[in-house]
Amino acid sequence: MVITTYLYSSSAHNRMAVFSVSLQIALHLLVITNATLSKKGWDTCHFGSVECECQKVPDNLLKVDCSRRQLVKIPSLYSNVTWIDLSNNHIDNISVGFPKIVGYIDLSGNRIRHLDRKPFRGLYNLKSLNLEKNRINISLMYKGLFADLHSLTKLNLKGNIQDQFKRTIIKDDVFSELISLQSLKIDGPTNVTFGKGFASLSRLQKLDLSGITGNCSFQRISQNMFLHMPRLIYVDVSACDILDIEEGAFGKLQYLEHLDVSHNKQLGFASLPNITHNLNNTSIKSLRGNEMNCLSGIGTKILKRHFENLKHTNISEIYFEKNRLEQLEPGALRLLPNKIDIISFGENKLTQGRYMIDFFFFRNIRVLNISVQLRPPPYPESIFETCTEKTDNFDSALKELHTPKESVKEYQASLNSFIYKSWWHGKIIGTIIVPKTLEVIYANMSRFYGIAPEFGINATGLREIYVQDNFFYSWNGPIYGVENIEIADVSNNYCSYISKSIMKYAIGLRILKASKNNIGKSLATDAEGEIFENTVSLEFLDLSYNNIFYLSASMFKNMQKLRTLNLQNNQLSSWRVKVDHMKNMKYINLKQNKLTAFDKISRVSFGNLFQLTNLTIDLSENQLLCSCDSKEFLEWITHHRKHFINFEYYECSSSSSHKFNFSDPDVSAMLLSKSCIYQTIYIVSSIAAAFLSSIIIGITVEDSIRGI
């Protein structure tokens, strides 16, 4: 089981949401582009005057990449080309035929307006055709256009134009020729229909009408909209400005597994009974209803009636993110089937309530997203949007009002089912029981406030916990039952106190992130290193930005496995920590502290580690002292400079008596050594002169006294 915190947001006509998704897509494309530029096995090739990239594949066939070449027409390709990418060019028509054996064509991001003269004639082997983001009017497609595409399994027509003056029609007789089609991505025009011709597409499993990646403007889904597509497994109608979905519109799709109605902000939770009606007759596994409420308004609530139709389904994943969700009616979650694997309520307004108990009744839950409960809606869209979501009618609300509430005894019984007293190391401690399948808890930015008290947790499968960006201001503990946790992130919790016993049982912890707190005083009082005494498995420790001004020699005494230690941006002015035993240490970040030098013991310890582990240290932006007193340190660090990150940018503190150029350390060290020799001679000479002067003065005074 995972309690996670990820985001899923977008909307067809919501500019901010579209920008968010567009940014993700842009980053994804950038990664793809970089990968393409550096992909191995591709060589430059020419088709006439056109330069492309080619890759040889078995049977003397070629894959050709002519994307982003500013081409205005399709080049004449060799007959052995089986894969061609012509995306993101300026091609406005398909005048040149393709090789007969081609199996993949990508013409997305061009300027194609017309598909005259059957441009795909003879392409019997074509399996994937991408015509996304062109200027094709779907209404002008004609019967016979796809007649030869007997093998086509994937067709993408998203992001093409729609006639502003005439109704856009998806002609079923045109698409009925695609007998092998499995995936259709197409724009969803107003009053869209899928006629009887689609019944010929017996293999069609995926229908993507989403306005996120294309144009979608139909406002209503009737009961019979998908009547001629009975074998659909995946349906995406997100971001289509849908106002109403008739009861049972999806219930006739026997093989339906994945349904996405997200980003239709006027549907409201009140539409859920219609959406989920008869889903028990389908194979539903995943339901996405993200942002199906308006951006602004009072908090929303999920009622029992909203989930009632899901009780006898096979659904395993539900997503209701960005819905202003504040509460759930107690018992609503228990209407979900035991097979539920993922529940995602991220980016809502959840407040504490009795419904929280219901989360712990799921036997197989793996992912629970209750994160990011503080984020406000996007500005200024949330202020100027014209949106009215559907709400439950008065009769339904009245029925909920008069429904008998859970009794005190029932509530106490529910509470006792996941919180009870248990023996831990000879003590009776309050213990939280969570499903055995729980693996990861993500609860960052979830408005948790208070101390971390002494308690137990019965979660043998728990491996990772993320509670950063909350308000756990005091870590008291100890916490029992955490022996199997391997990763914990408690960063940015405004914590000012950490007890010496908080991690007493964290023996399996490998990664600990505790940055951006204020635990410096607590660490300074831990002379014997008790706080981290039992974290023997720790490999990564982040204590940056914690106002740490002192660490005892024994602070990390049992961390033989530690590989990375981050102490950036603290107040350390000296280093006393023993590191001899850290044979696996690879990196220590001491950047932005107040360190002036390392003493001899530390230098010897680090020197040994340099030889064993190739350790690197970052001492950037410290207050390194450049003087004769630190000459040995400067000579040592110069000798080991390859182990210090950004060494050439190190600088001497303003209180230094000498200059030291870290970009030319050998010369600087030599000059410093000479200067210190002269200084030593001067000091010795001065002392000797003073001594002789005192003797002479003493003799003179004595003679004067005798003379008297």
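Note that these values count all heavy atoms, side chains included, but never hydrogens, waters or copies made by symmetry.
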Provide the closest heavy-atom pair for [X] versus [Y] in the form atom of the first, atom of the second, distance.
| X | Y | value |
| --- | --- | --- |
| S620 | N646 | OG-CB, 3.9 Å |
| L181 | S183 | CD1-O, 3.6 Å |
| H258 | L256 | O-CD1, 3.5 Å |
| S176 | G197 | CB-O, 3.3 Å |
| G289 | V261 | CA-CG2, 4.2 Å |

Would you indicate whether [X], at its atom [atom1], is surrounded by more than 12 heavy atoms from other residues, nucleotides or ligands within a distance under 6.0 Å?
| X | atom1 | result |
| --- | --- | --- |
| E651 | CD | no |
| R641 | CZ | yes |
| K561 | NZ | no |
| K73 | NZ | no |
| K285 | NZ | no |
| R113 | CZ | no |

Under a 4.5 Å cut-off applied to non-hydrogen side-chain atoms, are [X] and [Y] in contact?
| X | Y | value |
| --- | --- | --- |
| D172 | S200 | no |
| M229 | L207 | yes |
| P75 | V96 | no |
| I136 | M141 | yes |
| D187 | L209 | no |
| L123 | L129 | no |
| L619 | I637 | yes |
| I343 | V367 | no |

**OP:** Flag the pair E385 and K265 as a salt bridge only when some basic side-chain nitrogen lies within less than 4.0 angstrom of an acidic carboxylate oxygen.
**Re:**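 Salt bridge between E385 and K265, a charged N being under 4.0 Å from a carboxylate O: yes.
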Original post:
With a 6.0 Å cut-off on ring centres, are F250 and F226 close enough?
Top reply: yes
Original post:
Do the side-chain sulfurs (SG) of C52 and C45 come closer than 2.5 Å?
Top reply: no
Going by atom types only, do [X] and [Y] share a side-chain donor-acceptor pair under 3.5 Å?
| X | Y | value |
| --- | --- | --- |
| S316 | D341 | no |
| N348 | K322 | no |
| E648 | Y650 | no |
| E132 | N156 | yes |
| N89 | N110 | no |
| N88 | K133 | no |
| S262 | E291 | no |

What pairs meet the salt bridge (Lys or Arg N to Asp or Glu O under 4.0 Å) rule with one or both residues in [range], with sequence neighbours excluded?
| range | value |
| --- | --- |
| residues 217-235 | R220-D244, R220-E246 |
| residues 148-158 | K158-D208 |
| residues 86-111 | none |
| residues 610-621 | K591-E621 |

I need the [X] [atom1] to [Y] [atom2] distance, nearest 0.5 Å.
| X | Y | atom1 | atom2 | result |
| --- | --- | --- | --- | --- |
| L126 | T82 | CG | OG1 | 9.5 Å |
| L562 | E539 | CG | CD | 8.5 Å |
| L155 | S128 | CG | OG | 8.5 Å |
| K127 | S180 | NZ | OG | 8.0 Å |
| E317 | I284 | CD | CD1 | 10.0 Å |
| H643 | L615 | NE2 | CG | 7.5 Å |

**OP:** Report the C-alpha separation of N492 and D469 in whole Å, then their side-chain angles, then the decisive distance to 0.1 Å, and conclude whether the side-chain hydrogen bond (donor to acceptor under 3.5 Å, both in side chains) test is met.
**Re:** CA-CA 5 Å; N492 198 27; D469 303 313; 2.8 Å; yes
Original post:
Do the ring planes of F194 and F198 sit parallel (below 30°), tilted (30 to 60°) or perpendicular (above 60°)?
Top reply: perpendicular
Original post:
In this structure, which one of I315, T282, V235, L253 forms a side chain to side chain contact (heavy atoms under 4.5 Å, CB included) with L259?
Top reply: V235
**OP:** Among D236, L287, V237, find the one that has a side chain to side chain contact (heavy atoms under 4.5 Å, CB included) with D260.
**Re:**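 The side chain to side chain contact (heavy atoms under 4.5 Å, CB included) with D260 is passed solely by D236 among D236, L287, V237.
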Subject >> Pairs satisfying ring-ring contact (aromatic ring centres under 6.0 Å, His included), at least one member in residues 91-124, at least two apart >> reply: W83-Y104, Y124-H150
Original post:
With sequence neighbours excluded, what pairs up with S544 under the side chain to side chain donor-acceptor pair (under 3.5 Å) test?
Top reply: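 Side chain to side chain donor-acceptor pair (under 3.5 Å) check on S544 returns D542.
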Original post:
Taking it one step at a time, do S371 and N369 satisfy side-chain hydrogen bond (donor to acceptor under 3.5 Å, both in side chains)?
Top reply: CA-CA 6 Å; S371 68; N369 176 9; 2.8 Å; yes
**OP:** Check step by step if side chain to side chain contact (heavy atoms under 4.5 Å, CB included) holds for Y255 and L232.
**Re:** CA-CA 6 Å; Y255 302 99; L232 285 176; over 6 Å; no
**OP:** Take N130 and I105 through the side chain to side chain contact (heavy atoms under 4.5 Å, CB included) test and state the conclusion after the steps.
**Re:** CA-CA 6 Å; N130 190 349; I105 297 175; over 6 Å; no
**OP:** Decide yes or no on side-chain hydrogen bond (donor to acceptor under 3.5 Å, both in side chains) for Q568 and Q592, but give the supporting numbers first.
**Re:** CA-CA 6 Å; Q568 180 180 347; Q592 296 171 324; 2.9 Å; yes
**OP:** Could you go through the side chain to side chain contact (heavy atoms under 4.5 Å, CB included) check for F218 and M225 one step at a time?
**Re:** CA-CA 11 Å; F218 61 86; M225 182 170 177; 3.9 Å; yes
**OP:** Return yes if some donor-acceptor pair links the side-chain N/O of T193 with the main-chain N/O of G195 below 3.5 Å, else return no.
**Re:** no
Original post:
For I112, does its backbone N or O pair with a side-chain atom of N134 as donor and acceptor, under 3.5 Å?
Top reply: yes
**OP:** Check the pair N125, V102 against side chain to side chain contact (heavy atoms under 4.5 Å, CB included), reporting the backbone distance first and the verdict last.
**Re:** CA-CA 6 Å; N125 297 298; V102 70; over 6 Å; no
